[in-house]
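The next block holds one structure in the form of structure tokens; read it before the comments.
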Amino acid sequence: MSNSAPIGVFDSGFGGLTILKKIVERMPGYDYVFLGDNARAPYGSRSFATVYNYTLQAVKKLFQLGCPLVVLACNTASAKALRTIQQEYLAKDCPQNRVLGIIRPTAEALGGITRTNKVGILGTAGTVNSQSYILETAKLFPEIKIFQQACPMLVPIVENNEIDTPGADFFVEKYLNLLFAQDPEIDTIVLGCTHYPLLINSFKKFLPPSVHIVKQNEIVAHSLQEYLLRHPDMDARLSKNSSINYYTTDDSSLFDHSASVFMGAPVASTSIALN
Ligand code: DGL
């Protein structure tokens, strides 16, 4: 990989592939490395310190693999680790590299979408408790009120491939009911966990068609493209041979099977350790 300078995309598990897929569709010429910490997923209910340590290890690994730019394609890691990584690790040890999150670009899109100024965020307990969506949205659109609902059962459902099952429907309906009980005028919801788009069929079953579902993967892909246009110095450092390499901290054949379904193309990953 010596001449390669890919864009690194990180998630605790498979969910970040929903982001990677849209980024690759939008910018197919670049090289990408996806890293899933499947062996330690889910991150959603872990402490701040644990999510920070795991995410920092993943970022360091992606830098070692030659990535000058890393996208945390995970709301939980973006909420709990991004700021400290940027302010402490990058500033001191790797000032030439960049790590981007996915909450800020998602919050930036909300102003143009909601009409009632009432937005629902569904996410992991970690993302919800961090209040990151509330804080980021308040800076940009103080008129928007954010309602949140943690959905702790949804990541295990996705990671265990129980998508499109009565169990998935049960929990999606339950969490939506809890969200809309907070305010029935919510007109926009953010699937604020990169795993949740895989449950889109269940969400559509229980949401009125008037409610807008924010497509975080499209927003992040667009915002990354804009970022590279604004930072031609970083763009020039990135290699462009249309390759994707996959790494997982768990068994690679297990990863390949599920990842191929997510990507709609065969995936052959390499298993690595993070520490
Ligand atoms: N996919 C991650 C997110 O966007 C979290 C999944 C997990 O709990 O590890 O929040």
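For ligands, and for the atoms within them, numbers begin at 1 and follow the listed sequence.
One hydrophobic cluster, built from ILVMFWY side chains closer than 4.5 Å, cannot hold both Ile103 and Val128; they sit in different ones.
In this structure, Arg104 pairs ionically with Glu108, as a charged nitrogen and a carboxylate oxygen lie closer than 4.0 Å.
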Does ligand 1 have any N/O pairs with the protein under 3.5 Å, and how far apart?
from, atom 1, to, atom 2, distance (Å)
ligand 1, 1 (N), Asp11, OD1, 3.3
ligand 1, 1 (N), Thr194, OG1, 2.8
ligand 1, 1 (N), His195, ND1, 2.7
ligand 1, 4 (O), Asn75, N, 2.8
ligand 1, 4 (O), Asn75, ND2, 3.2
ligand 1, 4 (O), Thr194, N, 2.8
ligand 1, 4 (O), Thr194, OG1, 3.3
ligand 1, 8 (O), Tyr43, N, 3.3
ligand 1, 8 (O), Gly44, N, 2.8
ligand 1, 9 (O), Ser12, OG, 2.6
ligand 1, 9 (O), Tyr43, N, 2.5
ligand 1, 10 (O), Asn75, N, 3.4
ligand 1, 10 (O), Thr76, N, 3.1
ligand 1, 10 (O), Thr76, OG1, 2.7

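For the pair Lys174 and Phe170, the NZ or CZ position fails the cation-pi test of under 6.0 Å to the six-membered ring centre and within 45 degrees of the ring normal. With a 6.0 Å cutoff to the six-membered ring centre and a 45° limit on the axis angle, Lys61 does not count as a cation-pi contact of Phe10.
Thr124 and Thr76 are linked by a side-chain donor-acceptor pair at a separation below 3.5 angstrom, with hydrogens and angles left out of the test. For the 3.5 Å distance criterion, the side chains of Ser12 and Asp37 fail to qualify, holding no donor opposite an acceptor.
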